[in-house]
Chemist: 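Okay, handing you the structure first.
The structure displayed is predicted, hence computed values, not measured ones. Order of the sequence lines sets the chain letters (A, B, ...), proteins ahead of strands, with each chain counted from 1.
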Number of protein chains: 2
Amino acid sequence: MNKTRTSIVDIAHAAGVSKSTVSLVLQGSPLVNEKTREKVNALIGDLGYVYNRGAANLRQSRSKIIGIVVNDLTNSFFAELAVGMDMMVQSAGYVQFLAHSGESVDRQREVISSMRENGIAGLILSPARGTEASDIKPLADSGIPVVLVVRNVPGAKVSTLLSDNYAGAKAAIRHLISLGHRRIAFMGGFADTAVFGERLRGYRDALAEANIPINEKFVIHSAPSRAGGVAAVERMMDFAERPTSALCLNDAVAFGVCDGLRSNNIEPGKGFGIVGFDDVIEAKTAVPALTTVSVDPQGMGQRAAQLVLKQINAGQTDPESIVTSVRLVVRQSCGAPVKQLEELA
Amino acid sequence: MNKTRTSIVDIAHAAGVSKSTVSLVLQGSPLVNEKTREKVNALIGDLGYVYNRGAANLRQSRSKIIGIVVNDLTNSFFAELAVGMDMMVQSAGYVQFLAHSGESVDRQREVISSMRENGIAGLILSPARGTEASDIKPLADSGIPVVLVVRNVPGAKVSTLLSDNYAGAKAAIRHLISLGHRRIAFMGGFADTAVFGERLRGYRDALAEANIPINEKFVIHSAPSRAGGVAAVERMMDFAERPTSALCLNDAVAFGVCDGLRSNNIEPGKGFGIVGFDDVIEAKTAVPALTTVSVDPQGMGQRAAQLVLKQINAGQTDPESIVTSVRLVVRQSCGAPVKQLEELA
DNA sequence: CTTTTAATTTGGAACGTTCCAAAAAACAAG
DNA sequence: CTTGTTTTTTGGAACGTTCCAAATTAAAAG
């Protein structure tokens, strides 16, 4: 109903002080006298004043807004990542523009440029497939800290926070080998992402280490989703010599593989060993509980937020590359007894 | 590297025109001469100018920012809801503050007040459990359109967009009855939410309609999550006379129920009929594919965004209450042949 | 070449803050 | 009562836009 929002000068007028004093009160300055502070604070409540952070941002030419762009919010791994960031960002007194690129680089470009116009202080980006260094260059050049999470972008000179995909995959394969498996597949994903490449490399190296020859047919490409997991199993059923177990690109694929096996009357975890990757929240409660490489997306989100906040506060700093460690959580789906392996650095 | 961001007056100076003219160009006004427009646009590219939307917002005292608060992003129903909103919001040229309240009203309050300080033009809220009318009153009073989605808040005089929980539950139960079930449970959820109440009411009425007496033991409360579904089954296994099927509060619970049945060696969809609610993306590909009441969260998100955008553009309008229709999607988990029932109003 | 009309351009105030240098007030010491 | 010190308060400029009324320029008409 108010024609015009009440401002700092309205309360200054009501309190019989200057707008500067009110401003001082607002920022909790120790310079102001206790009595005037009280008077002003009372008026703030009474007149229903709401602080205009936009005006402050303009004057100070810095904002308390962090941009977050996530490639796929409907994937629970990324949703949890976003939640982790959200926690950190909020508790640092910032707000976030959180957008979903849906794996579209065009969309991502639009969103980033819009965030830029709105004056973000930093950006956390979980890049869409196909993102190029040029997509983030202008931002970084203008001095806005950028942190890349989960996926890297070749050639980008910004900070990154990636999980140790190589070590995780290697640990998973070693475990399957220790259970006696020799015909081990790698399911899900396409060759165009760094994540896929690193995990596959871990798979290959672990097999080589155990002197198990690699059967290229056992690397089964498919969409990195639940449906992709089903598809991969269908493909596998045609093989003359079938694998006895599989490492999946991520948990979504692993669940799909379980589904696919069931519709072929194979009991996941009994007739076939499955290891996922990511340790999404449902991994624990699924039946069979999923053996998986735990990445702790929420924790990763928090670290990413901390990193960008640190860079914002420090002014410009050199890009930092962090690889977060990962651990294999052994549950039922690989057919092993339940126990937690210790953290592997 | 730039000490100071280049502004409208910098390019005005470079182009030898006034800042007003540049402003006109920026807003695509037809008043400006084609040649000057070109000159200005060229300079904008060359000098790497980026529009400062914050300054514009300040001057115009309206923004292009929409606040979205979601109670639980890690639940894929809400994640998809958010994605639907995101699409609509972006394509209308707005950006969004998207925050996750984690079902905490305190958190939600903080987040809303922070959004208010940052000058949102409208708010879409999927409220945390326990939200009260007073939590949104100040916003609504100051003329900012608010749209409540999925859950209602008693006493709040704002627009709402809810799905037809009652009709959906009723349709689901009728279907189970038509398949010959008589002992039907209702699993998941607690009595303190409106959604639970409405779905339960549909359950009761459908049973009453068929003259099936209601066994209060068959309403099994539990957390509205996958783990809650497992827990509900455990509870059920102790019953002397067990249900033969269940309507679950939502799909997450339904998946949990499948898990729980399997660990008791009951095959979901064969030994026990299950119907979910929401139709999340995995419902289709799960094994068995989940029979569920489809709510189309993404579509709902879009409609919510449209509604709030409409209200923003229309200035202040009266609150509007929309109930979105819902349809039963019959898949495998209830043991029926696959077919789609038509939309029920 | 003047007048009228239409097309373009332009200062400057305003939006709600912060920040600075400086003024005012309060207090203490001589 | 001065003077010096400390505490508190204060105008006014600035941030980067938009918007208005008015000025300037170009085109058309006479």
Chemist: Between C/dT17, C/dT9, D/dC15, spot the one nearest the side chain of A/N52, thanks.
Modeler: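 Within the option list, the nearest is C/dT17.
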Chemist: Suppose we call a contact any N or O donor and acceptor under 3.5 Å apart; does that hold for the side chain of B/S18 and the base of C/dG11?
Modeler: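 It does not, because no donor-acceptor pair links the side chain of B/S18 to the base of C/dG11 below 3.5 Å.
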Chemist: For the side chain of A/Y49, counting heavy atoms from C-beta on, which of C/dT17, C/dC15, D/dC15 is nearest?
Modeler: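 Between C/dT17, C/dC15, D/dC15, the one nearest the side chain of A/Y49 would be C/dT17.
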Chemist: Which of the following nucleotides, D/dG16, C/dC19, C/dG11, is nearest to the side chain of B/K19?
Modeler: C/dG11
Chemist: In terms of side-chain heavy atoms of A/S20, which of D/dT18, D/dG11, C/dT9 is nearest?
Modeler: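 In terms of side-chain proximity for A/S20, the closest of D/dT18, D/dG11, C/dT9 is D/dG11.
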Chemist: Report the nucleotide, chosen from D/dT17, C/dG16, C/dT9, that has the shortest atom-to-atom distance to any side-chain atom of B/T36.
Modeler: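 The listed nucleotide nearest to B/T36's side chain is C/dT9.
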Chemist: Any N/O pairs under 3.5 Å between the protein and nucleotides 25-28 of chain C? List them or say none.
Modeler:
none

Chemist: With a 4.5 Å cut-off on side-chain heavy atoms, are B/Q90 and A/V111 touching?
Modeler: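 The answer is yes, as the side chains (C-beta and beyond) meet within the 4.5 Å cut-off.
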Chemist: Go through the steps to decide whether B/L139 and B/I112 satisfy the test side-chain contact (heavy atoms from CB on, under 4.5 Å), and finish with yes or no.
Modeler: CA-CA 9 Å; B/L139 250 200; B/I112 291 179; 3.9 Å; yes
Chemist: For A/Y51 and C/dC15, give me the distance from atom OH to atom C1', rounded to whole Å.
Modeler: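 For the pair A/Y51 OH and C/dC15 C1', the rounded distance is 15 Å.
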Chemist: Taking the side chain as every heavy atom from C-beta outward, state whether B/I136 and B/L125 have any atom pair closer than 4.5 Å.
Modeler: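 When only atoms from C-beta onward are counted, B/L125 and B/I136 do touch, with a gap below 4.5 Å.
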Chemist: If you look at every strand shown and take non-hydrogen atoms under 4.0 Å, does A/L26 touch a base, only sugar-phosphate, or nothing?
Modeler: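 Contact class for A/L26: none.
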Chemist: Have B/N71 and B/S126 got a donor and an acceptor in their side chains that come within less than 3.5 Å?
Modeler: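 B/N71 vs B/S126: donor-acceptor pair found between side chains.
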Chemist: Mind calculating the distance between CG (B/N33) and P (D/dA26) to the nearest angstrom?
Modeler: 10 Å
Chemist: Show your working on side chain to side chain donor-acceptor pair (under 3.5 Å) between A/D106 and A/S104 and close with a plain yes or no.
Modeler: CA-CA 5 Å; A/D106 291 335; A/S104 150; 5.1 Å; no
Chemist: Please give, in whole Å, the distance from C/dA7 C1' to B/L31 CG?
Modeler: 9 Å
Chemist: Nearest whole angstrom, please: distance from the C1' of D/dT9 to the NZ of A/K39.
Modeler: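 Value for this atom pair: 12 Å.
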Chemist: For A/Q60 and D/dA14, is the shortest distance between a side-chain N/O and OP1 or OP2 below 4.0 Å?
Modeler: no
Chemist: If only side-chain N and O atoms of B/Q27 are considered, is one of them under 4.0 Å from the OP1 or OP2 phosphate oxygen of D/dC19?
Modeler: yes
Chemist: Answer with yes or no whether the side chains of A/S321 and A/T160 bring together a donor and an acceptor at under 3.5 Å.
Modeler: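 Short answer, yes.
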Chemist: Could you state the atom-to-atom distance from CD1 of B/I8 to C1' of D/dC15 in whole Å?
Modeler: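 In whole Å, D/dC15 C1' lies 13 Å from B/I8 CD1.
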Chemist: Look at all strands and tell whether B/S61 reaches a base, only sugar-phosphate, or nothing, counting heavy atoms closer than 4.0 Å.
Modeler: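 If one applies the 4.0 Å heavy-atom cut-off, B/S61 turns out to touch nothing in the nucleic acid.
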Chemist: State whether a side-chain donor-acceptor pair under 3.5 Å links B/Q27 with B/S23.
Modeler: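 Yes, a side-chain donor-acceptor pair sits under 3.5 Å.
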Chemist: Rounding to a whole Å, what distance do you find between A/K35:NZ and D/dT7:P?
Modeler: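 It works out to 18 Å between those atoms.
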Chemist: With respect to the side chain of A/T21, which nucleotide from D/dT17, D/dT9, C/dT8 is positioned closest?
Modeler: D/dT9
Chemist: Check this one for me: any side-chain N or O of B/S23 less than 4.0 Å away from OP1 or OP2 of D/dT18?
Modeler: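 It does, given that an N or O in the side chain of B/S23 lies less than 4.0 Å from OP1 or OP2 of D/dT18.
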Chemist: Under a 4.5 Å cut-off applied to non-hydrogen side-chain atoms, are A/V69 and A/M115 in contact?
Modeler: yes
Chemist: Quickly work out the A/E117 CD to D/dT18 P distance and round it to whole Å.
Modeler: 11 Å
Chemist: Using the closest heavy atom to pick a nucleotide of DNA chain C for each, name whichever of A/R62 or A/A55 lands nearer the 5' end.
Modeler: A/A55
Chemist: Provide, to the nearest angstrom, the distance between the CG atom belonging to B/N57 and the P atom belonging to D/dC19.
Modeler: 12 Å
